[in-house]
Structure formats: C-alpha cells, structure tokens
There are 2 protein chains.
Amino acid sequence: MTTMQDVATRAKVSAKTVSRVFNDDPHVTEDTRQRVQSAMRELKYVPNMMARTFREGKSAVIGIAVPDVADPFFAAVTKGIELAARENDMAIVVTSLGDNPSLEQSIIETTVRHQIGGLIMAPIADDQSYLARWQDSFPIVFIDRAPSKLNADYFVEDDFGGAFDATQHLIAHGHRRVAIVGDSTEVPTTRLRFQGYLAALDAAGMEHSEELIALGSRDADAAAQVCQRLLALPDPPTAIFSSNARFSTGVFPALQRMGRTDIALISFGDFPMADVLQPSVSVIDQDPRHVGRVAAERILARIATPAKRFRRKNVLSVKLIERQSCQPAPAVAVPVAAP
Amino acid sequence: MTTMQDVATRAKVSAKTVSRVFNDDPHVTEDTRQRVQSAMRELKYVPNMMARTFREGKSAVIGIAVPDVADPFFAAVTKGIELAARENDMAIVVTSLGDNPSLEQSIIETTVRHQIGGLIMAPIADDQSYLARWQDSFPIVFIDRAPSKLNADYFVEDDFGGAFDATQHLIAHGHRRVAIVGDSTEVPTTRLRFQGYLAALDAAGMEHSEELIALGSRDADAAAQVCQRLLALPDPPTAIFSSNARFSTGVFPALQRMGRTDIALISFGDFPMADVLQPSVSVIDQDPRHVGRVAAERILARIATPAKRFRRKNVLSVKLIERQSCQPAPAVAVPVAAP
DNA sequence: GCAAGTCATGTCATCGATGTCATGGAATTC
DNA sequence: GAATTCCATGACATCGATGACATGACTTGC
C-alpha cells in the first residue's frame with residue numbers, strides 16, 4: 001500500500017503538499033501539482049480512508065441494522081439507502097438483527113464500534129434507550145417502526161391509514177366477513193394496522209367479530225395455519241387482510257392449497273411476484289426504496305447541518321395497488337334459512 | 001466518546017495499562033485490574049475499532065460487491081456472508097455494482113479505500129486485472145462468476161451441469177422443441193449454461209435449432225418479448241429453459257399473459273414464490289445462502305492462515321427442484337397434414 | 001528602497017490503541 | 001549481601017492524513 005509519504009518522496013515534496021494536491025488546494029503551483037499527480041499515478045496511490053476518518057473521528061460509513069437483509073422489503077430499503085449514500089461518497093455496513101429482541105443491543109453495539117457516521121435501523125426490541133449515549137456522536141434514524149424510550153428521527157409508513165384503506169377496499173367490494181391475520185399487537189406497527197382495520201369496519205357501520213381477528217402468528221407458516229382455522233369457522237370470512245408482506249407469502253399459498261382462491265386477499269406490503277400470481281394480489285405498497293432514500297437523506301442532512309432542526313416523526317404515505325385478489329364477495333354471503 | 005486515556009486518568013494509571021487490562025494481559029496486578037475495570041464501567045468505555053484497525057492497517061470488515069443487493073439471489077448470498085462473518089466478529093460493507101461494467105473498477109476502488117480485510121465479489125466486467133495489486137493486501141474471493149485476467153479464489157455454481165440437467169429434464173418429459181432464453185453469451189456464466197443446454201440436446205441425439213436460441217436479452221422485459229417472438233414461430237417451442245432467475249420473473253408472466261401456461265418452463269435459479277405460482281416453476285436451485293457462507297469462510301481462512309494453499313476453483317453443485325411447470329409435451333406435437 | 005502583504009511549501013502535532021523498550025522495585029539465587 | 005531474574009508499569013513511537021502554524025521567497029505600495 002503506497003502512502004502519501006511515498007508519493008511525496010517520489011515527487012520530492014512533503015507529504016503535506018501531496019495532501020494539498022489530492023484535496024485540490026489552490027495554493028500549489030501548476031508545476032508541483034503536475035509532478036505530484038504523475039507520482040501518484042505511477043505509484044497507483046489510493047488514499048487510506050481509514051486514516052482520514054480516524055483523524056476526523058467519524059467515518060464515511062452509514063450503519064444499517066434491519067431484521068433481515070434477505071427480506072425483500074429490507075433488501076429494497078438497503079438499496080435505497082445505498083444509492084443515496086453513494087451519491088455522497090459514503091459506504092454502508094449492513095447487519096441483520098434477527099428476530100430475537102434481546103440480542104438487538106449487543107448487535108448494535110458491535111456495529112457502533114466501527115465508528116459509523118450515522119445509523120439507520122428498523123428496531124425489533126421495545127427499548128432503544130441504550131442508544132441515547134450515541135445520539136450526540138452520530139445521527140440515528142429509525143425506519144419502519146418508531147423507537148421506544150428514545151427520542152429520535154423516524155420514518156414510518158402510514159400503518160393506520162394503509163390498513164384502513166385496505167379494509168375499506170375489501171368492504172367496498174361487498175365483503176362483510178373480513179379477517180385480519182398478522183403478528184402480535186405488541187409490535188407497534190401491527191397495533192396500528194389493527195386499529196386501522198377496526199376503524200374501517202367501524203366507519204362502515206360494521207361490528208368486528210373476535211373470531212376473525214387472528215393476530216399473534218410468529219411466522220409465515222403459522223399464518224398459513226391460522227388461515228385454515230379461519231376457513232373452518234362455522235361462519236368463515238370471505239376476505240382476509242394480511243397485515244404484513246412476509247405473512248402474505250404464507251397466506252396466499254395456504255389459500256391456494258385449500259383451493260380457496262375465491263377468498264379475497266389484500267396484503268399490507270407488496271411482495272415479489274404478487275402481480276403474477278393467480279389471482280394477482282392487491283397490496284398496500286410501502287415503496288421500500290423510497291423509505292431507504294429519505295432515511296439516508298436525513299442522515300446526510302444531519303451530518304451536514306447538525307444544528308438544524310428537523311421534524312422527528314415522519315409518516316410516509318402508502319398506496320393501494322389494486323390487482324385481482326379482491327373480487328366481490330359471493331352474492332349469497334349470509335346463510336339463509338330454507339324458504 | 002471516552003478513550004483509553006480518559007479511563008487511564010480516572011484509574012490513575014497509564015493508557016498502556018488500560019490497554020493491557022482490556023486485552024487480558026496477565027502482567028497486571030489484580031488490584032489495578034479492578035480499578036481499571038471499574039473506571040471503564042463508570043465511563044462506559046467502548047473501544048475505538050477504527051483506531052485499532054487503522055494501526056493494524058486492516059479492518060475487521062469484509063467488503064461485498066454484487067450487481068444488485070436487492071436481487072433476491074444476492075440478498076441471500078449477503079445473508080450467508082453476514083452470518084459467517086459475524087461468527088468471527090467481522091462486519092460487512094455492501095456495494096451494488098449495477099449493470100454498467102465500465103463502472104466496476106471505480107466502485108471497487110472506492111470500497112477498497114475503506115481498508116477492508118477481505119473482498120467478496122460477483123464481477124460484472126470482463127477484466128479484473130486491476131485487482132492484482134491488492135491481492136497481497138487482503139484476500140479476494142469471487143462468487144457466481146469466475147474472475148477474468150486475474151488469478152483468484154472463486155466459487156461458482158455448476159452452470160454447465162445445471163443447464164444440462166434442466167434441459168435433459170425437459171427432454172425426458174417429451175419435449176422436442178426446447179428454447180433457451182438468456183442474456184449474452186459474452187457473460188461466461190451464460191456461455192456455460194448454453195453449452196450445457198447444447199450438450200443435453202446432443203446427448204439425446206437431438207439437433208439444436210438456431211431459431212430456438214434466444215440469447216442476448218438485456219433484462220426481464222426483453223426476455224418477455226423474446227418469448228412472444230418464440231411462440232409466434234411457425235414451429236414454436238413446447239418448452240423454455242430460462243437461463244437465469246431474473247429473466248424467469250419476466251418469462252413466466254409473459255407466458256401467462258399469452259395464456260400459454262401449457263408451455264413447459266424451467267429456470268436456472270430459484271426465485272421468490274416460484275413454488276406457489278400457477279403452475280409452480282421447476283428450477284435449478286443454487287442455494288445462494290450456502291454460496292455466501294463458503295465464500296466468507298474462505299476469506300476468513302485466508303486471513304487466519306495466509307500461507308496455506310487452497311483450491312482456487314470451486315464448483316458448487318446445484319440441484320433440480322421439480323415442480324409443475326414441466327408437464328409433458330402435448331401428444332400431438334408435430335403438425336400433421338389432414339388425413 | 002523598505003515595510004507589509006501574498007503565496008508556495010514545510011514542520012510539527014494530532015486522532016486512539018498498542019508494540020517496543022525502559023525503569024525501578026521485589027523476589028530469588030549463590 | 002551482591003548479583004541476577006522477574007514483573008508491574010510507564011514513556012515513547014507508530015500507523016496515514018491533515019489542521020495549525022512557521023518559514024522564506026517574492027510582490028506591491030508609497
């Protein structure tokens with residue numbers, strides 16, 4: 001690895017002058033500039049990022065911590081962050097938090113040791129107070145879920161509104177028995193989506209029925225089983241609102257295996273191939289790439305102007321993509337007594 | 001940020017002694033050890049990774065460069081690398097190379113500035129000779145494609161064998177008109193898959209027909225159009241071998257839009273939801289997570305034992321996952337003259 | 001013609017952790 | 001009791017880039 005000193009020696013100047021040339025300092029004569037530049041070329045000089053940022057005390061790296069980098073949603077978020085970061089010459093270090101909330105803190109602390117210049121995370125635990133002491137070292141932005149027990153910037157989707165729209169969409173198609181499938185309401189995101197669901201039923205003057213509320217599944221497989229149970233009810237749902245994309249990839253095949261593609265389905269969160277399934281699945285799209293971009297831009301803005309004030313809470317709108325999975329409910333939805 | 005010096009001052013020792021305590025050096029009395037440790041706790045000391053690795057000249061970070069982090073295949077590879085890296089206390093910095101080969105070098109050079117401890121990349125250009133000068137600074141491992149004009153470790157899937165198996169599978173189901181859709185044969189991976197395709201036809205004693213070779217598409221959309229053209233032929237294919245997963249996500253919907261789900265399809269590379277599409281798509285599975293893991297393990301092994309010799313070329317086996325998309329060819333495959 | 005200003009370049013210190021060597025006291029050996 | 005070894009600890013230099021400040025040459029103004 002050639003250093004500035006190597007280049008300096010070759011160009012017969014001091015290391016400082018090489019630094020000046022490298023950083024386009026105007027106080028260098030054209031002559032020396034030429035000499036230094038050709039020395040750099042000959043020695044194939046590549047700056048040691050780490051030395052620079054070590055000195056600055058802050059690296060040109062944005063840390064990203066999400067539940068799972070391989071999840072299509074977070075992979076797209078990562079892409080969005082990466083593109084925005086690269087435009088500003090920053091790199092990204094990525095970490096998966098997994099699904100064990102108790103590991104969150106130690107994973108984050110490991111990431112933080114790398115002297116990151118900013119952190120973007122989608123939390124999985126319900127207490128981020130441990131991050132407080134880093135807040136004045138580098139900006140922290142939360143995505144997907146708001147932080148708990150910590151004041152920090154966050155960008156979340158409009159969970160309530162999206163769920164409301166999704167449910168309303170089903171109702172508008174004539175469905176009166178609408179089930180909701182999702183994970184635990186202890187997850188704030190899910191709680192909001194559940195509230196949106198209830199609000200939409202309420203707005204339509206409908207009662208919600210406890211048996212159609214199937215929250216608390218752990219994963220896509222569990223969600224699939226829950227569907228079976230729902231459809232076995234005496235008075236089964238004609239439509240299902242899947243409150244997250246990961247579960248939808250379990251719910252859809254389950255419906256298919258049971259031969260019940262007549263059941264309407266709408267998913268909070270788009271997922272791969274949703275548009276080419278039979279029937280294609282209507283979704284509430286969250287535009288993950290955009291989420292990543294705005295989060296990254298906030299980090300960059302906070303780095304550039306630390307004093308400036310920004311809005312902490314940011315709700316990103318979602319939009320309903322209508323496909324085929326929400327056909328009208330069968331005309332004879334209510335069991336009628338024999339005439 | 002509290003430094004070792006801060007801790008030292010508080011514990012009334014030198015920074016060096018704090019360093020010793022931190023690194024479990026036995027030459028410290030129990031008494032001082034206690035004092036230092038409590039000082040560390042009180043000040044919430046967290047080591048400055050960057051200072052350490054700057055001194056060492058090499059960071060505890062593995063660089064990953066793939067065409068697109070959001071692509072499900074590479075997202076899964078990344079996950080595999082991450083898991084293996086984390087077990088060894090290494091972080092990962094991820095970069096997307098995009099699809100413009102001429103940018104590869106500059107993107108990689110930007111990544112390299114971060115003093116990475118190793119590099120795992122899936123190249124997109126056809127010349128990696130520019131990496132030669134870093135080869136003795138840190139280990140480099142290629143995945144998915146072998147490097148060009150550079151000697152380095154690589155782990156590739158069995159492109160030839162997988163393509164052979166896929167094609168043979170179609171033939172075994174009675175197909176005699178088997179088309180291949182893919183990108184340019186300038187891509188080594190594609191070239192090998194094409195050769196596997198030809199070899200399988202040959203092994204079955206079949207001639208290949210030029211009109212069924214539809215290579216050179218740029219993206220999934222182009223591949224979709226190519227399918228239309230294929231099916232419009234006077235003597236159209238009854239089966240299609242899609243030589244990469246990304247294109248399959250274009251080919252499948254195209255067949256569906258044309259109402260030609262009777263056409264058999266097999267994809268080199270699994271893709272999300274392939275198992276729940278109608279019909280579900282048979283694929284050659286590459287196990288991306290495993291690819292990531294073995295690549296990371298090689299990097300770690302090279303770091304741990306630089307002198308040891310390893311096998312450069314590593315071909316990972318692939319396996320055929322049979323689903324529904326390869327039904328037998330229609331019995332009346334050849335147009336017959338009216339009796 | 002000389003003081004003040006301008007400008008190219010260099011010297012030194014710094015960021016935090018740690019390897020190298022020095023120091024000085026205690027323990028051990030003959 | 002003197003010589004030797006051991007051991008805890010500290011002082012200093014180091015990694016590479018760069019900010020603060022110094023230096024010395026040359027220009028400008030009156």
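It should be emphasised that the depicted structure is a prediction, and the values quoted were computed from it without experimental measurement. Reckoned from all heavy atoms, side chains included, excluding hydrogens, waters and symmetry mates. The sequence lines fix the lettering, A, B, ..., with proteins before strands; numbering per chain opens at 1.
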Counterpart residues, side chain to side chain donor-acceptor pair (under 3.5 Å), relative to Arg86(A) (two or more places apart): Glu82(A)

Can I get a per-line list of side-chain donor-acceptor pairs under 3.5 Å for residues 110-119 of chain B, giving both atom names and the distance, sequence neighbours left out?
from	atom 1	to	atom 2	distance (Å)
Thr110(B)	OG1	Ser106(B)	O	2.9
Thr111(B)	OG1	Thr95(B)	OG1	3.3
Thr111(B)	OG1	Ile107(B)	O	3.2

Ring pair (Phe, Tyr, Trp, His ring centres under 6.0 Å) against Tyr154(B), all qualifying residues, sequence neighbours excluded: none

Ring pair (Phe, Tyr, Trp, His ring centres under 6.0 Å) partners for Tyr130(A), two or more places apart: none

Side-chain N,O (Thr17(B)) to OP1/OP2 (dT9(D)) below 4.0 Å: no

Phosphate OP1/OP2 of dA17(D): any Tyr45(A) side-chain N/O under 4.0 Å: yes

Sort me out a list of protein N/O and nucleotides 20-26 of chain D N/O pairs below 3.5 Å, or just none if empty.
none

For Glu186(A), all residues meeting salt bridge (charged side-chain N to carboxylate O under 4.0 Å, His left out), sequence neighbours excluded: none

Mind running a 4.0 Å heavy-atom check of [range] against DNA chain D and sending the residues that fall below it, in number order?
range: residues 21-35 of chain A; answer: Asn23(A)
range: residues 130-140 of chain B; answer: none
range: residues 46-55 of chain A; answer: Pro47(A), Asn48(A), Ala51(A), Arg52(A), Phe54(A), Arg55(A)

Rounding to an integer number of Å, can you tell me how far [X] [atom1] sits from [N] [atom2]?
X: Met4(A); N: dA17(D); atom1: CE; atom2: P; result: 5 Å
X: Asp6(B); N: dA17(C); atom1: CG; atom2: C1'; result: 13 Å
X: Gln5(A); N: dT14(D); atom1: CD; atom2: C1'; result: 14 Å
X: Lys58(B); N: dC15(D); atom1: NZ; atom2: C1'; result: 13 Å

Please check if the number of heavy atoms outside [X] that lie under 6.0 Å from its [atom1] is greater than 12.
X: Arg312(A); atom1: CZ; value: yes
X: Asn88(A); atom1: CG; value: yes
X: Asp25(A); atom1: CG; value: yes

Donor-acceptor pair between Asp31(B) and Thr29(B) side chains, under 3.5 angstrom: no

N-O pairing of Glu87(A) and Arg293(A) below 4.0 Å: yes

Electrostatic pair Arg302(A)-Asp153(A), nearest N-O below 4.0 angstrom: yes

Trace of the side-chain contact (heavy atoms from CB on, under 4.5 Å) decision for Asp183(B) with Asn244(B): CA-CA 8 Å; Asp183(B) 48 12; Asn244(B) 84 49; 3.8 Å; yes

side-chain contact (heavy atoms from CB on, under 4.5 Å) between Leu83(A) and Ile81(A), worked out: CA-CA 6 Å; Leu83(A) 294 177; Ile81(A) 296 172; over 6 Å; no

Results of side-chain contact (heavy atoms from CB on, under 4.5 Å) for Pro67(A) - residues two or more places apart only: Phe74(A), Ala122(A), Ile124(A)

Sugar-phosphate only, base, or nothing, as touched by Val13(B) at under 4.0 Å among non-hydrogen atoms: sugar-phosphate

Donor-acceptor pairs under 3.5 Å, side chain of residues 133-149 of chain A to any protein atom, not counting sequence neighbours: which ones?
from	atom 1	to	atom 2	distance (Å)
Arg133(A)	NH2	Lys44(B)	O	3.4
Gln135(A)	NE2	Asn151(A)	O	2.6
Arg145(A)	NH1	Pro123(A)	O	3.4

Any donor-acceptor pair under 3.5 Å from Thr32(B) side chain to Val28(B) backbone: no

Terminal helix-axis angle for the helix from dG1(C)-dC30(D) to dC30(C)-dG1(D), with five pairs defining each axis and rounding to 10 degrees: 50°

